[in-house]
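Every number for a ligand or one of its atoms is a count from 1 in the order of the listing.
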Amino acid sequence: MNKWSRFFYTPSLPLYGKERITAGSSHAETALSAAEEGLVLLKNNGGILPLDASRPLALFGKAASEYIKGGGGSGDVHCPYVHGLADGLKLNNVKLFEPLLEFYSGELKKQYDEKKAPGMTTEPKVPSHLADEARSFADTAVIVLNRYSGEGWDRSDFDLTEGEIGLIDEVTSRFDRVIAVINSGGVIGLGRIKDDAKIQGVLHMWQGGMEGGLAAARALLGLVNPSGKLADTHARTIDDYPSTAGFGKSEDYVEYTEGIYVGYRHFETSENARNAVVYPFGYGLSYTTFTVECTDSHEDDKMVAFTVKVTNTGSVSGKEAVGLYFKAPEGKLDKPARVLVDFDKTALLEPGKSQELRLYADKYLMSSYDEKGAVAEAAYVLEPGDYEFYLGSNVETAGLLPYRMHISEPRITSQLSHKGGPKESSDMNESVIGKLTAEESDGLTPWVRAVAPRICWAKRDVKTLMDVYEKKCTLDEFVAQLTDDQLVDLTGGQPLTGVSNVWGFGNLPEYGIPNVQCADGPAGIRINPETGVATTAFPCSTMLCCTWNRSLARAVGFAAGEELKENNLGVWLAPAINIHRNPLCGRNFEYYSEDPVLAGKMAAELVKGVQNNHVGTSVKHFACNNKEVNRKNSDSRVSERALREIYLKAFEIVVKEAKPYTVMSSYNVINGTRASENKDLITGILRDEWGFEGFVMSDWWNMAEQYKEILAGNDLKMACGFPDRVKKAMELGALTREDIEKCVKRILNVILLLD
Ligand code: BGC
């Protein structure tokens, strides 16, 4: 197919050969593999797992009949079928106690009729006689618990509910063999379940997409050996996370008082905090055992490289993930006790087999950002002393390596300048054209431009974008021929075409610019069900991250890119890589981890996978979108150091490693400036420091003023632009044609990359 034909004509043609690949069996297999590797086995006392498929089971809990494949809002995916845990077990010929499942389905139906959403239902009390009958049918019980969250609201369901605790008591009083399965996209309080000796097995199945239940069943039956590792610390209570205290304090702002002490950086740094950990970052069991030894280490100016030998010492095949952590010496800047600097995972190792992995401690990644000039102001620095390294996936038990990196003099690894930090407050809604109201900006579709009629076979004396692609003219020459109105129009979202439901960009057909449509993610290509097109629902991002498997992330990205392309869409609004600052954030299931290196490196692979199809990604939400309530106006007040070391770091890694075509700025405010109007972050850091070459789009219907976005370097306003306001700003001298040209060129440069 010719370049851009898919965008111009939106043909319903398979990507390859005769069959469509979208939601086909090969992508279902990719979804299944990702779900299998993201499962985290948390407890396996007495080797209760794996189960024998010939032994009947009793599944308890409404979640047994209400599998949650992913979260809600723009992260939801319409897929052809969904395999929950019960289906997965039945597909493997396990006999289940059906009357229980029927009981739960009936109870759930009543709740749905009362307008309760799936996952937001309450745990019904199981009748005693049914529990007794279940015990006569099976000697093993599986308790399934679920959680659901979505865009625009935050969670308040960290603790087990009374209904869930009652259920656990009912089941453990009857059964000697009990396993708990957790179907949640985020962290919940598992202390009670961990401590309960009557629950011998615990599997975190996350929200595993359309094959999630099959994956969990296969792990419970030992058809696959769990190898996922937690991407977040599971603490006992929600108050154990330092970010909880201020999380819901105000709808207008959030003070990031814990600074860089997010997740395990907090829990590992003080004895008290460590006591609150139920399952540490990186934790995850296997049906086999491994030894992990460092066989070689060498250092150069940029990094310390470690060769690590992983051996399967158990009796079944398995994969092992390994993390490399470091501890910086005490100095003028305070430092967390552990920081992850690299990780890798073996292939499937048969018993007795070994594999060598190479892990790198990049000195730049090991540096601390010195905000106030204790060592060197606004610079990344390595303070003098010995740097220790620890090896092992689980941050708590990772073992100290003999090799130490010695720094004799303070070293600046990157001299930067102050950007994006806290500042004197001013009115963020100030605008030369008068303040924008929510009514004026919310939920508008892009305008449809009227194009003057012309005879379509007349020879047109214009340069087309294809002329730029074919090097018949330069992009500057191409843009120079456009009127101000046309330029302004290109900086706003464009009408829907084909199966898209989140609008497009470009769209100046008389100059050969296609209208490139976007699709939401990140768990799959989101297309409205009414189009009749179903796509593959992959595991939620947190689960994908728990695989610690870069090539799997790349494979999921590649498959998603194929589906994007086959459906004539050009940019996937994924990955979403905001840090899991607090478990209550309603969109954590869409995000990767509490750790920026794990999140950044996994997401970078996903981006590479997608873009290998010559379609784009939009890495979102840049930045500090760590809470959903009042997300369009909430001010994330964060220190420069935490910004750089925690909240921007994952974006930095993705930009440097994977060159995403686009980045999406977030709704929220950062230290008093709206993210999309934040020149420090978008131009200063993203472009000038990290070398980002793509374009930046706003999040949909944000509350920002478009001319200020253009000045900041936010090139495209979605879902629609405000041409009249932009032109008014030009008239008033607040914006020049050159300012707009810069944005347009960046948008067109991305279109030139698309196929
Ligand atoms: C979300 C984005 C999403 C966009 C388009 C917004 O509400 O925050 O993540 O990509 O909508 O659906």
Subject >> Shortest protein heavy-atom distance from atom 3 (C) of ligand 1, along with the residue and atom involved >> reply: D520 OD1, 3.3 Å
Original post:
Where does M718 meet ligand 1, judged by heavy-atom distances below 4.0 Å: at the side chain, the backbone, both, or neither?
Top reply: neither
**OP:** In plain terms, say whether D595 and K601 are close enough for a salt bridge, that is, a side-chain N and a carboxylate O under 4.0 Å apart.
**Re:** no
Subject >> Salt bridge flag under 4.0 Å for residues E566 and R6 >> reply: no
**OP:** Kindly determine whether E563 and H27 satisfy side chain to side chain contact (heavy atoms under 4.5 Å, CB included), including the steps that lead there.
**Re:** CA-CA 9 Å; E563 297 201 2; H27 288 185; 2.7 Å; yes
**OP:** Could you tell me whether the side chain of N588 and the main chain of H580 form a donor-acceptor pair under 3.5 Å?
**Re:** no
Original post:
Can you list the atoms of ligand 1 that are under 4.0 Å from a heavy atom of M664?
Top reply: 10 (O)
Original post:
If you measure from each heavy atom of Y667 to ligand 1, is any distance below 4.0 Å?
Top reply: yes
Subject >> Which of the ligand 1 atoms, numbered from 1, are nearer than 4.0 Å to a heavy atom of E151 >> reply: 1 (C), 6 (C), 7 (O), 8 (O), 11 (O)
Subject >> Atom NZ of K727 with >12 non-hydrogen neighbours under 6.0 angstrom >> reply: yes
Original post:
Which residue from N702, D699, V502 reaches closest to atom 6 (C) of ligand 1 through any of its heavy atoms?
Top reply: D699
**OP:** Could you tell me whether a side-chain N or O of Q706 sits under 3.5 Å from a main-chain N or O of T491, the two making a donor and an acceptor?
**Re:** yes
**OP:** Under 4.0 Å from a heavy atom of R631: give me the atoms of ligand 1 that qualify, with their elements.
**Re:** 7 (O), 8 (O)
**OP:** Pull out every atom of ligand 1 sitting under 4.0 Å from any heavy atom of K620, numbered as shown with elements.
**Re:** 2 (C), 3 (C), 9 (O), 10 (O)
Original post:
What are the atoms of ligand 1, with element, lying closer than 4.0 Å to any heavy atom of H621?
Top reply: 2 (C), 8 (O), 9 (O)
Original post:
Going by atom types alone, do T662 and S618 pair a side-chain donor with an acceptor below 3.5 Å?
Top reply: yes
**OP:** Would you kindly specify which portion of R587 sits under 4.0 Å from ligand 1, judged on non-hydrogen atoms: side chain, backbone, both or neither?
**Re:** side chain
